[in-house]
Amino acid sequence: LEKENEKVRVRTGNQAMVREVNRALILDLLRRNDVISRVQIAKTLRLSKFTVSAIVNELIEQEFVIESGKGDAPKKGGPKPILLSLNTSGAFVVGVDIEIKHTIVAIGNLKGELLLKTCIPTVREYSVENVVEQVSSLIDKSIQQAGIARDSILGLGVSIGGLIDKTTGIIAFSPNFHWENVHFAEILENSTGLQTVIDHSTRVMALGEQWYGCAKHVKNMFYINMGYGIGSTIVVDGRISPNHCEFGHTFVTKKDVHCTCGKTGCLEAVASIRAIEEIANEQLHDSGEDRLTAKMVADLANQGDAAAKNIVMEAGRYLGRSISIVANLLNPDKIVIGGEIAFAEHLLLVSILTEYEKNTLDLIKKHATVEISSLGMDSGVFGAVALSLDKFVFKQAMINPA
Ligand SMILES: [Zn+2]
């Protein structure tokens, strides 16, 4: 009898699985089309009308989908088809971007449109408890402010720096907050009551670019996160690699510049925001004044200060050379530079591009473009909303397995 039961379980298990995959495929189609009819869904996915109707009815009941008007009557006659679209006021997700200096929370609907976005300074004392408490209360306030029911929130996506395992939700190491082996997703779940997915900030930012920014429909991309460190991630065939990249720690100079990783001559040690600030404070700073920030250095450079200009452009040259190595190696469609780069956009970009043009093969240059992120500092929170939608609504892993 036990064996029989086992068989039944396996069979129903498979049926449930097939239904889940079909549901994910239908939702994905709705995501990609503003409106679509049941017949069009059935044709596109090669599913029976019966299967599509059953799943769509369930989605309507769950307030994921609404009927929104009628389409044109078919040429061979018959009634006008009812059009379906995602329900923008039925269910929502939360995205959180936790950075050293600030924490941003946003609520998004099923189309990924943001209802609201709030940015506050991150707590000074970086204990796990403090950060979690701050995030939880910010989420509570945001839900209240948006005027939506808490049970209409389907999940929470979090962008945070460090060595992160998205599958287990564990932060093995956080250089920003000095945490080790923290089961961050679980702790946040317990605190907020929302199912939670976390991932490394650079990967989340790249996801943000894919959903909202300059990487829509881009198959192969190299994404660089310019900040106090230099993060990076590789996208191949539309898929963000789960592997950790260390573009920032490639060797670029014989100069005796020490890097946070313990080595000398790394890209991060000469071209990151931290590096720009350190060099500027050493070279330009008059004692007695506050420390120069990278933004101040960029402003000085833009006003024509030769020494400041030199610092920014030298950082750009190192970046440009390193980017050309990656371009020659990966032959991507796009190289996107995001993060805090906006502070020096023009000058830095000119310097990056000059060096990139000089060192990259024509064959590669013809097809790869280097761009500055269109989302700027918001790519993390946009990406966190996308991460949550991806995991808890559209279940991309189910229809697009690695
Ligand atoms: Zn290094």
Side-chain angles (χ1 to χ4, degrees), residues 161-164 172-176 199-206 209 215 218 220-236 239-280 294 310-341 343-344 347-361 363-365 367-373 379:
L163 213 53
I164 286 153
F173 175 62
S174 157
N176 293 346
D199 203 0
H200 183 265
S201 50
T202 303
R203 284 194 292 268
V204 177
M205 289 162 95
E209 294 296 337
V218 174
N220 302 305
M221 162 172 75
F222 187 69
Y223 180 81
I224 300 162
N225 175 11
M226 264 290 280
Y228 278 82
I230 297 179
S232 63
T233 194
I234 301 173
V235 176
V236 177
R239 252 185 229 126
I240 297 170
S241 167
N243 296 344
H244 205 73
C245 300
E246 292 294 0
F247 174 66
H249 299 285
T250 41
F251 179 79
V252 293
T253 176
K254 284 182 178 167
K255 272 192 210 165
D256 189 27
V257 279
H258 291 270
C259 182
T260 51
C261 72
K263 299 186 186 301
T264 54
C266 294
L267 176 65
E268 198 171 292
V270 287
S272 63
I273 289 179
R274 186 188 289 117
I276 291 173
E277 289 184 354
E278 268 170 25
I279 297 163
N310 226 356
I311 293 169
V312 173
M313 295 195 64
E314 169 132 300
R317 281 193 290 273
Y318 281 120
L319 271 167
R321 259 174 248 156
S322 306
I323 289 172
S324 86
I325 295 173
V326 169
N328 284 337
L329 195 69
L330 298 178
N331 191 8
D333 307 316
K334 254 188 197 183
I335 294 162
V336 178
I337 310 168
E340 297 191 40
I341 185 153
F343 79 95
L347 208 57
L348 195 64
L349 187 63
V350 166
S351 169
I352 289 171
L353 287 179
T354 311
E355 209 57 31
Y356 169 79
E357 293 285 330
K358 209 163 71 187
N359 296 298
T360 311
L361 290 187
L363 165 86
I364 307 277
K365 271 191 291 189
H367 132 126
T369 54
V370 180
E371 274 178 40
I372 299 280
S373 154
S379 56

**Prompt:** Taking the side chain as C-beta and beyond, is there a heavy-atom pair between Asn220 and Leu330 under 4.5 Å?
**Reply:** no

Stepwise side-chain contact (heavy atoms from CB on, under 4.5 Å) test for Val218 and Glu209: CA-CA 10 Å; Val218 174; Glu209 294 296 337; over 6 Å; no

CG (Leu361) and CG (Asn328) are apart, to the nearest 0.5 Å, by 4.5 Å

When rounded to the nearest 0.5 Å, the distance separating SG of Cys261 from CD of Glu246 is 8.0 Å

CZ (Phe251) and SG (Cys259) are apart, to the nearest 0.5 Å, by 12.0 Å

All heavy atoms of Ala271 vs all of Ile276, minimum pair found to be O-CD1, 4.2 Å

*asked:* Working note: His367 + Asp333, criterion side-chain contact (heavy atoms from CB on, under 4.5 Å); need CA distance, chi angles, decisive distance, verdict.
replied: CA-CA 6 Å; His367 132 126; Asp333 307 316; 3.2 Å; yes

Nearest heavy-atom approach of Glu357 to Lys365 is O-NZ, 2.8 Å

Value for OG (Ser324) from CG (Leu353), rounded to nearest 0.5 Å, stands at 11.5 Å

Between Ala215 and Met221, the two heavy atoms sitting closest are CB-SD, 3.6 Å

If you define the side chain from C-beta out and look only at heavy atoms, does anything of Arg317 sit under 4.5 Å from Ser351?
yes

Query raised in the report: Would you say the side chain of Glu314 lies within less than 4.5 Å of the side chain of Ile279, judging by non-hydrogen atoms?
Result: no

Tightest non-hydrogen contact, residues Asn225 and Gly339, listed as OD1-CA, 3.6 Å

dist Ile240:CD1 -> Thr233:OG1 (nearest 0.5 Å) comes out at 6.5 Å

Looking at side-chain heavy atoms only, is the closest gap between Thr250 and Ile325 below 4.5 Å?
no

Output for pair (Ile224 CD1, Ile335 CD1), nearest 0.5 Å, gives 6.5 Å

ask   = Looking at side-chain heavy atoms only, is the closest gap between Ile337 and Leu348 below 4.5 Å?
value = no

- Message: I'd like to know whether Glu277 forms a salt bridge (Lys or Arg N to Asp or Glu O under 4.0 Å) with Arg274, so could you lay out the CA-CA distance, the side-chain angles of the two residues, the decisive distance to 0.1 Å, and finally the verdict.
- Response: CA-CA 5 Å; Glu277 289 184 354; Arg274 186 188 289 117; over 6 Å; no

Gly162 and His244 have their tightest heavy-atom pair at O-CE1, 3.9 Å

Side-chain ion pair, Arg321 and Glu355, N-O less than 4.0 Å:
yes

_Could you tell me if the side chain of Glu371 sits less than 4.5 Å from the side chain of Lys334, heavy atoms only?_
yes

#### Entry: Validation row: Leu267, Phe247 side chains within 4.5 angstrom (heavy atoms)
yes

| query | With side chains defined as the heavy atoms from C-beta onward, is the minimum distance between Tyr223 and Ser379 less than 4.5 Å? | reply | yes

In short, Ile311 meets Ala280 closest at the heavy-atom pair CD1-CA, 3.7 Å

